Peer 1: 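Here you go, one structure.
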Amino acid sequence: AGDIHDLVLGDIGAVLVTQRFNPPYLVNMVVTDDVGNVLRAARADAPGTLADQDYFARHRDSADPGLRFGRAVEFPAFPGLWRLTVSRRLETRDGKFAGIVVAFLDIALLAREYERMRMHDRSSFALIGEGGHVVTRTPLIEEAIGRIIPAAARHFRQPLTIISDTSPVDGQARLIAQRRLDHYPFAVSATTVASTVHTAWRRDLPAMAAVWLLVALGTFVGGRALARQVARATEAHETLRETGRALEFYKYALAHHAI
């Protein structure tokens with residue numbers, strides 16, 4: 001396993017040293033050996049072993065080389081510090097398990113990335129994991145992290161869902177748009193308080209009614225004008241037909257010396 005670890009350690013070291021190219025929410029990267037001992041980490045607060053972690057056991061026991069996304073967990077030594085893990089199995093050249101490489105994403109910093117996607121201060125944006133649990137959200141509410149949202153769970157497999165439901169986080173009726181992400185085991189959910197939409201609709205109703213009244217009036221007036229134009233065009237067409245018949249008559253009469 002030494003050859004692959006040397007290669008991986010060098011690559012990871014280069015990534016960790018070049019911090020300015022990393023997204024702000026990528027706060028640590030760790031490489032372990034085949035029994036979970038940490039060989040290299042970007043930060044000193046990384047544990048000495050990951051052998052007791054579920055994601056390590058899954059990689060050890062499965063030959064699947066794909067990425068695994070863990071659930072957000074709170075570090076016991078740092079209350080309020082939540083991390084999401086993204087990990088991958090490492091193997092030797094002959095296919096034997098050699099350890100894992102795992103990235104730790106800071107949930108609070110990840111939530112800040114979503115802040116610009118909020119429509120207003122009564123809306124929310126969330127990353128939903130399989131099973132309908134909240135991975136992170138903005139505004140960040142720690143009590144909501146890891147909580148299962150029934151509506152999100154029911155519609156998780158749907159490409160796009162737009163529903164109205166009561167939020168278990170704040171108890172408010174919300175309009176929810178949820179979309180499943182391609183190639184990742186997540187969905188994104190954007191919500192807004194239903195009363196906000198209703199208030200805006202009631203506020204804008206007089207203006208909307210006036211616009212529709214003008215549109216209807218314009219349609220009516222324009223329709224009458226169009227009807228008149230059509231009638232005139234019909235009359236003109238009939239006049240032309242009559243004129244054409246008269247010309248044909250005169251042509252026939254001239255040809256036969258009738259006149």
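Position 1 is the first residue of the sequence, and the numbers go up from there. Predicted model, so just to flag it, every value in this text is computed and none were measured.
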Peer 1: When you compare the side chain of R83 with that of D106, does any pair of heavy atoms fall below 4.5 Å?
Peer 2: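 Heavy-atom side-chain distance check passes, below 4.5 Å.
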Peer 1: Applying the side chain to side chain donor-acceptor pair (under 3.5 Å) test to R174, which of T192, T191, D165 qualifies?
Peer 2: T191
Peer 1: To the closest 0.5 Å, what do you measure between OG (S167) and CD1 (I176)?
Peer 2: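 Going from the OG atom of S167 to the CD1 atom of I176 covers 7.0 Å.
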Peer 1: Indicate yes or no for a side-chain donor-acceptor contact from R88 to the backbone of P65 under 3.5 Å, with no hydrogens or angles considered.
Peer 2: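 Side chain of R88 to backbone of P65: a pair is present.
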Peer 1: Taking E130 first and then R157, would you say they form a salt bridge - that is, a charged N and a carboxylate O separated by under 4.0 Å?
Peer 2: yes
Peer 1: Checking the side chain of Q178 only, and the main-chain atoms of A190 only, is there a donor and an acceptor separated by less than 3.5 Å?
Peer 2: no
Peer 1: Give a yes-or-no answer on whether the side chains of D94 and T92 include a donor-acceptor pair shorter than 3.5 Å.
Peer 2: yes
Peer 1: Give the intermediate values and the outcome of ring pair (Phe, Tyr, Trp, His ring centres under 6.0 Å) for residues F97 and F56.
Peer 2: CA-CA 11 Å; F97 179 63; F56 178 84; 5.6 Å; yes
Peer 1: Does T136 reach the main-chain N or O of L110 with its side chain, forming a donor-acceptor pair under 3.5 Å?
Peer 2: no
Peer 1: Within the side chain of R71, is there an N or O that forms a donor-acceptor pair under 3.5 Å with the backbone of G146?
Peer 2: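 Yes: the side chain of R71 pairs with the backbone of G146.
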Peer 1: Step through the shown structure and confirm whether more than 12 heavy atoms of other residues, nucleotides or ligands are within 6.0 Å of CG on N37.
Peer 2: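 Atom CG in N37 is crowded, with more than 12 foreign heavy atoms closer than 6.0 Å.
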Peer 1: Please check this pair: side chain of T32 against backbone of I100, looking for a donor-acceptor N/O pair closer than 3.5 Å.
Peer 2: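 Yes.
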Peer 1: Please check if the side chain of R58 supplies one atom and the backbone of Q53 the other of a donor-acceptor pair under 3.5 Å.
Peer 2: no
Peer 1: For T166 and Q172, indicate whether the former's side chain and the latter's backbone hold a donor-acceptor pair under 3.5 Å.
Peer 2: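 Not confirmed, T166 side chain does not pair with Q172 backbone.
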Peer 1: Between R89 and D64, does at least one N-O distance fall below 4.0 Å, as a salt bridge requires?
Peer 2: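 Not counted as a salt bridge, because no side-chain N and carboxylate O are separated by less than 4.0 Å.
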Peer 1: Treat each ILVMFWY residue as a node, draw an edge where side-chain heavy atoms are under 4.5 Å apart, and state whether L181 and I107 are in one component.
Peer 2: yes
